[in-house]
Amino acid sequence: MKPAAFDKYRRRNPAPVFPGGRDVLHVVVIPAYNETAELPGVLSSLAVARSRFSEPVAVLVVINYPAGAGAGESLELRAALDRPQWRDRGVYSLWAPELAGGVGAARKLGMDSALSAWDADSVESAIIYSLDADSPVDPEYFTVISATLAAHPGAGGITVGVRHRAGETPEMEAAIRSYEAYLDSYVSGLRRAGSPYAFSSIGSAFAVRGGACIRAGGMKVRAAGEDFYFLQEVAKTSGIVEERRVLVYPSPRCSDRVPFGTGVAVSRLMAGHGLNEVTPAAFEALRNVLAAASRPDLLESAGAFLAELPEPARRFFETNRFPRLWPQIIANQPDRADARREAFDRWFDGLRTLRFLHFMSGGVQSPAAER
């Protein structure tokens, strides 16, 4: 990475310097809040995984709690992690009380702190692992992720398989398995259609190269869905490889801390509500759209492309101003078929794909992405 680009990112995203040192090129970032009971098990699982990995690994726990929630358990967690025995195991804590933006802001702060330890050369070899404080890992967690990224040097990030732990009640167990099936069905449908965004976006189940993180602009703070938007940008700027082996085992707990995501979905399912299912016909329509985008001649003009699409797919693109925007987009691209297709994939990104699928399933265009 060019030093100027690295320095520019660091200036725009200041963060406490990671105390683990610049020689540690594998850093796990874990936001934590009210998870004193869960975190020791996660750290123990990481210790086992580290013992099977040949390179140094550090863990950075970003301790945060929402404004008005009270410090209570977070202070206890901070005191526990400040003990020397944790430092001896490569575990560090970063105190970020009442950080505006919740878990996404805590994850961003941890990632930016890790980036601060490296320079423009070492950042390209570094890997940041995103995990949660209630999500133990497989013993081969580091080995598999590192090997998969090494086998795909052009990929900037990786998503891994997830299997939630057993629910506390039969109702919770049924809800979490239904939600897992829902997520698997969605990603499988994207994969069959040929989408470059065929991967899950779960905060506890991805890793990213340091340089790719910077090229994606880092994680942005949002009310929810930070992981979705961040991985979408990594896919656009560096590419993502999907590792389907299950390496992370999150809690199936219910939650209302964010407006959507696993916790909210489990709560809805347990209350008897359904999820926004995507129909097979919608995935087939997506496959046809992407097949049309693969024809070099059709992306030379918006009219030629839209003429290949049936209703209501054409109506979706017209509603999203594709006829007006596309000429402006390709005017700034090299006159090559591959450049036009790359531009199309950047415009028709993961969020627009989600909205297209909901539209084609007979629903409204979702304003937010579900994890």
Any chance the rings of [X] and [Y] have centres within less than 6.0 Å?
X      : Y      : result
Phe53  : Tyr141 : no
Tyr33  : Tyr65  : no
Phe206 : Phe199 : no

Quiz question: by atom type and distance under 3.5 Å, do the side chains of [X] and [Y] form a donor-acceptor pair?
X      : Y      : result
Ser294 : Arg341 : yes
Arg209 : Ser238 : no
Asp82  : Ser93  : yes

query: Roughly how far, to the nearest 0.5 Å, is the NE2 atom of His26 from the CD1 atom of Ile128?
result: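 If I round to the nearest 0.5 Å, the distance is 11.5 Å.
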
- prompt: So how far is it from Cys213 SG to Asp112 CG, rounded to the nearest 0.5 Å?
  reply: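 It is 6.5 Å, given to the nearest 0.5 Å.
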
message: Check this for me: does any side-chain nitrogen of one of Arg315 and Glu318 sit under 4.0 Å from a carboxylate oxygen of the other?
response: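 Salt bridge between Arg315 and Glu318, a charged N being under 4.0 Å from a carboxylate O: no.
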
- prompt: Salt bridge or not for Arg215 and Glu233, using N-O below 4.0 Å?
  reply: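 Salt bridge: no.
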
query: Considering residues at least two apart in sequence or located in another chain, which fulfil the side chain to side chain contact (heavy atoms under 4.5 Å, CB included) criterion with Val221?
result: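 Checked Val221 against side chain to side chain contact (heavy atoms under 4.5 Å, CB included); matches are Ala105, Lys108.
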
- request: With Arg89 as the cation and Trp86 as the aromatic partner, state whether NZ or CZ is under 6.0 Å from the six-membered ring centre and within 45° of the axis.
  value: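 Yes.
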
Face-on cation placement of Arg355 at Phe316 ring, 6.0 Å and 45° thresholds: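 That pair does not qualify as a cation-pi contact.
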
message: Between Thr36 and Glu73, does the side chain to side chain donor-acceptor pair (under 3.5 Å) criterion hold? Intermediate values first, please.
response: CA-CA 7 Å; Thr36 305; Glu73 191 172 347; 3.0 Å; yes

field: Evaluation steps, salt bridge (Lys or Arg N to Asp or Glu O under 4.0 Å), between Glu226 and Lys220
entry: CA-CA 6 Å; Glu226 296 93 346; Lys220 303 296 191 295; over 6 Å; no

message: Between Phe230 and Met111, is there a side-chain heavy-atom distance shorter than 4.5 Å?
response: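 Sidechains of Phe230 and Met111: in contact.
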
From CA spacing to verdict: ring pair (Phe, Tyr, Trp, His ring centres under 6.0 Å), Phe344, Phe305: CA-CA 11 Å; Phe344 178 84; Phe305 176 73; 5.3 Å; yes

- prompt: Phe322 and Trp347: ring pair (Phe, Tyr, Trp, His ring centres under 6.0 Å), yes or no, with the steps?
  reply: CA-CA 9 Å; Phe322 182 80; Trp347 183 84; 5.1 Å; yes

- request: Using the six-membered ring wherever Trp is involved, compare the ring planes of Tyr129 and Phe142 and label them parallel, tilted or perpendicular (cut-offs 30° and 60°).
  value: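 Tyr129 and Phe142: perpendicular rings.
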
